[in-house]
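A short write-up of the structure that comes next.
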Amino acid sequence: MRIIAKTTLDWDFIHRKGALPRVSVFDLIKQPYQVSLIMAPLSYGVSPPMDLIVLGTLVHLVAPLAVFEFGTFTGMATLCMAMNALDETHIWTLDLPLDVGQESDTAVINSAWRGLPVADRITQIYDDSKTLDTAPYFKKMNFIFVDANHDYEFVVNDTAKAFEMLAPGGMIVWHDYTRAFPGVQRCLDDLGQSKSLHHVEGTQLVIYREGQS
């Protein structure tokens with residue numbers, strides 16, 4: 001019954017009025033690609049395997065030199081992007097400043113890639129995205145992953161800043177486009193009225209590529 005209920009709800013979400021058009025990952029990438037991936041047990045904040053597989057595929061497709069991520073958390077997505085990017089790619093990943101009184105924050109944030117060789121290609125930024133100054137990154141990021149606070153006003157803020165930072169021909173990917181996060185859904189459905197956004201089939205990912213319809 002749970003499977004039937006979930007399938008029904010997913011179908012309703014995908015086919016509701018105002019839903020974003022969908023695209024298959026096989027329509028995005030023409031040549032087969034073997035994604036490099038390290039998976040952790042599914043838990044709060046860990047992306048589903050298919051989402052990480054597609055994220056790694058998209059990074060391989062775009063081959064960005066500069067990547068920016070809104071929302072580090074454990075860093076599983078950061079690690080996935082780093083493992084499927086070029087050796088010369090650098091990633092900047094943003095999370096809220098650590099509360100020195102919260103040892104759990106220190107243990108969790110970027111724990112997935114901390115101490116690994118790819119860490120040399122990743123810069124951890126501790127800042128509030130609402131106060132983040134985008135000037136150093138203005139039109140320099142070839143690939144941007146938006147997966148921070150899912151409340152509507154935060155998604156709107158992070159999305160606006162992502163467009164400020166996006167380089168010509170670059171790609172923005174949003175996560176958690178699902179009924180469980182109405183703030184993400186509302187922001188992207190609204191944005192889809194003026195921008196060419198697509199929901200990647202079988203995932204919670206939405207993509208936009210500069211200069212493509």
Side-chain angles (χ1 to χ4, degrees), residues 33-137 140-151 154-155 157-159 161-162 165-167 170-176 181 184 203-205 207:
Y33 172 65
Q34 183 172 323
V35 178
S36 298
L37 191 64
I38 296 176
M39 277 303 302
L42 282 178
S43 60
Y44 173 77
V46 175
S47 300
M50 183 55 68
D51 290 14
L52 290 175
I53 290 170
V54 173
L55 180 63
T57 301
L58 293 173
V59 169
H60 171 75
L61 171 67
V62 176
L65 292 177
V67 175
F68 196 95
E69 177 184 34
F70 287 87
T72 311
F73 198 50
T74 64
M76 283 300 303
T78 327
L79 177 60
C80 174
M81 292 188 288
M83 292 177 65
N84 292 282
L86 302 171
D87 290 341
E88 55 267 41
T89 299
H90 196 87
I91 300 175
W92 289 261
T93 180
L94 173 76
D95 214 296
L96 289 170
L98 293 174
D99 184 339
V100 293
Q102 295 290 330
E103 293 184 4
S104 59
D105 288 349
T106 305
V108 170
I109 301 302
N110 68 44
S111 57
W113 52 264
R114 193 189 311 150
L116 297 181
V118 296
D120 293 339
R121 299 192 283 116
I122 303 172
T123 297
Q124 181 69 64
I125 303 169
Y126 293 107
D127 199 354
D128 188 327
S129 64
K130 282 196 169 183
T131 60
L132 176 70
D133 180 10
T134 60
Y137 317 102
K140 294 180 179 179
M141 297 294 121
N142 311 113
F143 193 96
I144 301 174
F145 186 48
V146 181
D147 189 22
N149 190 311
H150 293 0
D151 290 344
F154 283 91
V155 185
N157 170 81
D158 297 350
T159 296
K161 292 194 172 183
M165 300 160 67
L166 188 63
M171 177 179 286
I172 302 175
V173 179
W174 293 263
H175 193 226
D176 289 318
F181 297 102
V184 177
T203 76
Q204 300 172 11
L205 302 174
I207 62 172

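Start at 1 with the first residue, then count along the sequence. This is a predicted model, so every value here is computed, not measured.
Applying the side chain to side chain donor-acceptor pair (under 3.5 Å) rule to Ser36 yields no partners; only residues at least two apart in sequence or on another chain are considered. With sequence neighbours left out, Thr89 forms a side chain to side chain donor-acceptor pair (under 3.5 Å) with no residue at all. Residues satisfying the side-chain contact (heavy atoms from CB on, under 4.5 Å) test with Gln34, not counting sequence neighbours, are none. For Asp87, there are no side-chain contact (heavy atoms from CB on, under 4.5 Å) partners two or more places apart in sequence or in a different chain. In this structure Asp95 satisfies the side chain to side chain donor-acceptor pair (under 3.5 Å) test with no other residue, sequence neighbours excluded. Every side chain to side chain donor-acceptor pair (under 3.5 Å) that Asp127 has, sequence neighbours left out, goes to Thr131. Residues passing the side-chain contact (heavy atoms from CB on, under 4.5 Å) test with Asn110 are Thr72, Trp113, Arg114, Gln124, Tyr126, sequence neighbours excluded. With sequence neighbours excluded, the residues that form a side-chain contact (heavy atoms from CB on, under 4.5 Å) with Lys130 are Asp128, Glu153, Phe154, Asn157. Residues passing the ring-ring contact (aromatic ring centres under 6.0 Å, His included) test with Phe181, sequence neighbours excluded: His150.
Ala135 and Asp133 make their closest contact through N-OD1, 3.0 Å (heavy atoms, listed as atom of the first residue, atom of the second, distance).
Note that the CH2 atom of Trp174 and the CD1 atom of Ile207 stand 9.5 Å from one another [nearest 0.5 Å]. Rounding to the nearest 0.5 Å gives a distance of 7.0 Å between CG of Leu79 and CD1 of Ile122.
Residues Trp92 and Met141 have side chains in contact (heavy-atom distance under 4.5 Å, counting atoms from C-beta outward). Looking only at side-chain heavy atoms (C-beta outward), Leu94 and Ser129 come within less than 4.5 Å of each other.
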Please list every donor-acceptor pair under 3.5 Å in which a side-chain atom of residues 49-70 meets a protein atom from a residue at least two apart or in another chain.
unit_1, atom_1, unit_2, atom_2, d
Asp51, OD1, Gln204, N, 3.4
Asp51, OD2, His175, NE2, 2.7
Asp51, OD2, Gln204, N, 3.4
Thr57, OG1, Ile53, O, 2.8
Glu69, OE1, Thr78, OG1, 2.6
Glu69, OE1, Thr93, OG1, 2.6

